[in-house]
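Step one of this worksheet: look at the structure below.
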Amino acid sequence: MSLRIYNTLTGKKEGFLPLRGKQVGLYACGVTVYDLCHIGHARSAIVFDVIYRYLRYRGYDVTFVRNFTDIDDKIIKRANEEGVDYSAIAEKYIEEFNIDMGGLGLEKPSFEPKATDHISGMIDLISILIEKEFAYRRDGDVFFSVERFKDYGKLSGRNLEEMQAGARVEIDEKKENPLDFALWKSSKPGEPFWKSPWGEGRPGWHIECSVMSQKYLGETLDIHGGGKDLIFPHHENEIAQSEAATGKPFARCWIHNGFVNINKEKMSKSLGNFLTIKEILRQWHPEVLRLFFLSHHYRSPVDYSEDSLLDAKTGLDRFYTTLKTIKEKIGIIPSTLTSEKPYSIPSPSRGEGEGGGVNLLEEARKTIETFQIRFEEAMDDDFNTAQALGYFYDLQTVLNSLLDLSRGQPTDQIRSLLDQGREQFRKMGWIVGLFREEPESYMDRQKKEGLKKLGLSEEEILKLIEERNTARKNKDWKKADDIRNDLLSKGIVLEDTPSVTLWKIK
RNA sequence: GGCGGCAUAGCCAAGUGGUAAGGCGACGGUCUGCAAAACCGUUAUUCACCGGUUCAAAUCCGGUUGCCGCCUCCA
């Protein structure tokens, strides 16, 4: 099996074949830094993070570029509102972006170029487009002529006539065709500007990506991506200007992720359902958000709600509980024991039926050993993380069965299987960015944050547990149950194990 | 108006020709003083609806209904 990716350009899943052997150039459109990032940005970032990780796992040497749009009308507007320089706004939100991405546990891209660092490259590219007569000047502005680029519309699957018929395009007297887009905009008094052959001004939005991607990755990219909303006009325009200038294909494969809705509504500032990454991370562990997103295919829309995040949290808690139990059972030192010939242990709760005597160990071994290949198959199929995650649940179930089988001391064989399973969690978990934390630390964090929310202290809980255990020793079940119910009503669940009583947040 | 997407159990969700993954929830069992956790089992003869192609369709084709996105800044 080899990697297949859905290409927006062709509308099909295609075998992935980089232009230069194992070298892969990956470009993802980043953000315009005029405000805090929201949960939609988080999804896009996580999707491309996983793609980046998986490609490297598959042995590709990936150069990953994600840009910052740090000059644009919205930034200028914001700067005017706050009475500061546009660059102060850009810097502030770049910093916030970095904090957010760090909080989400994302890998750093190879390069994170800023538009304003590449103005001269943009001027060069625009000059070429004028020279080749794909672009025209109007006063201090420069526009790209969509009519002169014959493939215009190939990415978004439309043609010029259709789009003009829709005619929801702002009429600009200066443009030859309403769909023409600005490569260079002359600056109004008081606006930031750069000098150019066409006068003082600033670049249009699309040109930066053409320039920066070319600079870091060459004229033809292996993969270019971003949110679905960027297909038109942004990516369409990037293709037009890049291919018009170089005469070469701009990107071989286009990947676009779907949107995030909130409670079934499109997220937008006007609806007031705009959730920032900071707000999410205040409430949820970053891996909860990841598990939630990656449980859906990256191209599908996904509906954010408290309930779905809670589902994801329940799942993640269980994973970490399993990992913690394994750690307690076999310690942290990887087992070097080789597995011996499997011996049959009658399954404790599966005694009847013709399947009696099913070799649970053999089943577990198979699940653990085939996990990686199944995981890879799922990821190879257009990064089907939902499927891949499904296999983690399967793996978890057999590991828990093994733990159940070895209530006392695990046999060497079980120990070895548990260790192998845990190793898969670590190794494949890296690709999806999950299970990165030490289980105890994860659990502790959950407890601490839970206690804070509930307004309880660990001391009083431990005191009540002790009191209850005394009652249990005296077989005072009434009192013991009262204490347990009391704690439960406060949101604390108790778990009696043979040795100690554990507690956790409900 | 144009273009595109989606519709799978109570909920979330994978599955694009070979007879419905997985998660959450619910229920029954094992374990337990009782619970909890974990495990085992049950929970869609069926994939919005109607036709068609095929030995075979959730998957392909045509139509109907409903929802959503893009066409304007947007991840």
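Per chain, numbering begins at 1; letters A, B, ... match sequence-line order. This structure is a prediction, so every number in the text was calculated from the model and none was measured.
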Does A/Leu494 reach a base, just sugar-phosphate, or nothing at all? Heavy atoms under 4.0 Å. base
Name the nucleic acid region contacted by A/Gly227, choosing base, sugar-phosphate or nothing; use a 4.0 angstrom heavy-atom cut-off, strictly under. sugar-phosphate
NE2 of A/His234 versus P of B/C73: gap in Å, rounded? 11 Å
Going by distance alone, is a donor N or O of one side chain under 3.5 Å from an acceptor N or O of the other, for A/Gln446 and A/Lys504? no
Rounding to a whole Å, what distance do you find between A/Leu502:CG and B/A38:P? 13 Å
In this structure, how many angstroms lie between the C1' atom of B/A35 and the CZ atom of A/Arg472, rounded? 10 Å
Say you pick atom C1' in B/U42 and the same atom in B/C6; how far apart are they, in whole Å? 31 Å
Using the ring of A/Phe48 (Phe, Tyr or Trp, six-membered ring only), decide whether A/Arg66 places NZ or CZ under 6.0 Å from its centre and within 45 degrees of its axis. no
Would one find a side-chain N or O of A/Lys478 under 4.0 angstrom from OP1 or OP2 of B/G33? no
Would you kindly give the CZ-to-P distance between A/Phe232 and B/G2, to the nearest whole Å? 17 Å
Find which nucleotide of RNA chain B each of A/Tyr393 and A/Arg484 is nearest to by heavy atoms, and output the residue with the more 5' nucleotide. A/Tyr393
Taking the same atom, C1', in B/A14 and in B/C47, what whole-Å distance lies between them? 13 Å
For the aromatic rings, using the six-membered ring if either is Trp, is the centroid distance between A/Tyr298 and A/Phe293 under 6.0 Å? no
Rounding to an integer number of angstrom, what distance separates B/G10 and B/G69 when you compare their C1' atoms? 28 Å
Name the one of A/Arg78, A/Lys188, A/Lys185 that satisfies salt bridge (Lys or Arg N to Asp or Glu O under 4.0 Å) with A/Asp73? A/Lys185
Are the charged groups of A/Asp35 and A/Lys74 less than 4.0 angstrom apart, N to O? no
Is any NZ, NE, NH1 or NH2 atom of the basic residue among A/Glu362 and A/Arg365 found under 4.0 Å from an Asp or Glu carboxylate oxygen of the other? yes
Indicate, with a heavy-atom threshold strictly under 4.0 Å, whether A/Gly258 touches base, sugar-phosphate, or nothing. base
Nearest to the side chain of A/Arg468, which nucleotide is it out of B/G33, B/C73, B/C70? B/G33
Table of protein N/O atoms under 3.5 Å from nucleotides 5-13 of chain B N/O atoms:
none

Ion pair A/Glu440/A/Lys327, N-O distance below 4.0 Å: yes
The side chain of A/Lys13 lies closest to which of these nucleotides: B/A75, B/A38, B/U16? B/U16
Once the angle between the rings of A/Trp254 and A/His224 is folded into 0 to 90°, is it parallel (under 30°), tilted (30 to 60°) or perpendicular (over 60°)? parallel
Less than 4.0 angstrom between a side-chain N/O of A/Arg318 and OP1 or OP2 of B/C39, yes or no? yes
Roughly how many Å apart are B/A57 and B/G17, using the C1' atom of each and rounding to a whole number? 6 Å
Nearest to the side chain of A/His41, heavy atoms from C-beta on, is which of B/C70, B/A14, B/A75? B/A75
A/His206 NE2 to B/C73 C1', straight-line distance once rounded to whole Å: 10 Å
In terms of side-chain geometry, is the basic nitrogen of A/Arg472 or A/Asp496 positioned less than 4.0 Å from the acidic oxygen of its partner? yes
Could you give the distance separating B/A58 and B/A7 at their P atoms, to the nearest angstrom? 14 Å
From NZ of A/Lys475 across to P of B/G33 the rounded distance in Å is 8 Å
Please classify the nucleic acid contact of A/Gly226 as base, sugar-phosphate, or nothing, using heavy-atom distances under 4.0 Å. sugar-phosphate
Can you find a side chain N or O atom of A/Asn400 that sits less than 4.0 Å from OP1 or OP2 on B/C39? yes
Judged by each residue's nearest nucleotide on RNA chain B, which is more toward the 5′ side, A/Ile39 or A/Thr497? A/Thr497
In the structure I gave you, are the side-chain heavy atoms of A/Ile483 and A/Ile465 within less than 4.5 Å of one another anywhere? no
Do A/Asp229 side-chain and B/G69 base share a donor-acceptor contact under 3.5 Å? no
Applying side chain to side chain donor-acceptor pair (under 3.5 Å) to A/Glu96 and not counting sequence neighbours gives A/Lys278
RNA chain B in dot-bracket form (Watson-Crick or G-U pairs under 3.5 Å, [ ] crossing, | inter-strand) is ((((((((.[[[..)..(...]]]((((((.......))))))....[[[[[..)....]]]]])))))))....
When all nucleic acid strands are considered with a 4.0 Å heavy-atom cut-off, which category describes A/Tyr391: base, sugar-phosphate, or nothing? nothing
From the options A/Leu309, A/Ile46, A/Leu316, select the one residue that forms a side chain to side chain contact (heavy atoms under 4.5 Å, CB included) with A/Phe292. A/Leu309
For A/Asn261 and B/C68, is the shortest distance between a side-chain N/O and OP1 or OP2 below 4.0 Å? no
Quick note, A/Arg158 side chain, CB onward, closest among B/A75, B/G2, B/C24 is B/G2
Mind checking if A/Thr321 touches a base, just sugar-phosphate, or nothing, with heavy atoms under 4.0 Å? nothing
Side-chain contact check for A/Glu495: nearest option of B/A75, B/A37, B/C40 is B/A37
Under 4.0 Å, heavy atoms only, any strand: does A/Val260 hit a base, just the sugar-phosphate, or nothing? base
Rounded interatomic separation in angstrom, taking CG from A/Asp486 and C1' from B/A35: 16 Å
For the pair made of CD in A/Glu363 and P in B/C40, what is the distance, rounded to whole Å? 9 Å
Say you pick atom P in B/A21 and the same atom in B/A38; how far apart are they, in whole Å? 23 Å
Does the distance from a Lys or Arg side-chain N to an Asp or Glu carboxylate O, for A/Arg484 and A/Asp481, drop under 4.0 Å? yes
Checking contacts here: which listed nucleotide (B/C34, B/C39, B/A75) is nearest the side-chain heavy atoms of A/Thr397? B/C39
Distance between the C1' atoms of B/G66 and B/U45, in whole angstroms? 26 Å
pi-stack flag for A/Phe259 and B/G69, centroid dist under 5.5 Å, interplanar under 30°: no
Confirm from the modelled atom types if A/Asp496 and B/C34 form a donor-acceptor pair under 3.5 Å, side chain to base only. yes
Please give the distance between the C1' atoms of B/U59 and B/G52 as a whole number of Å. 15 Å
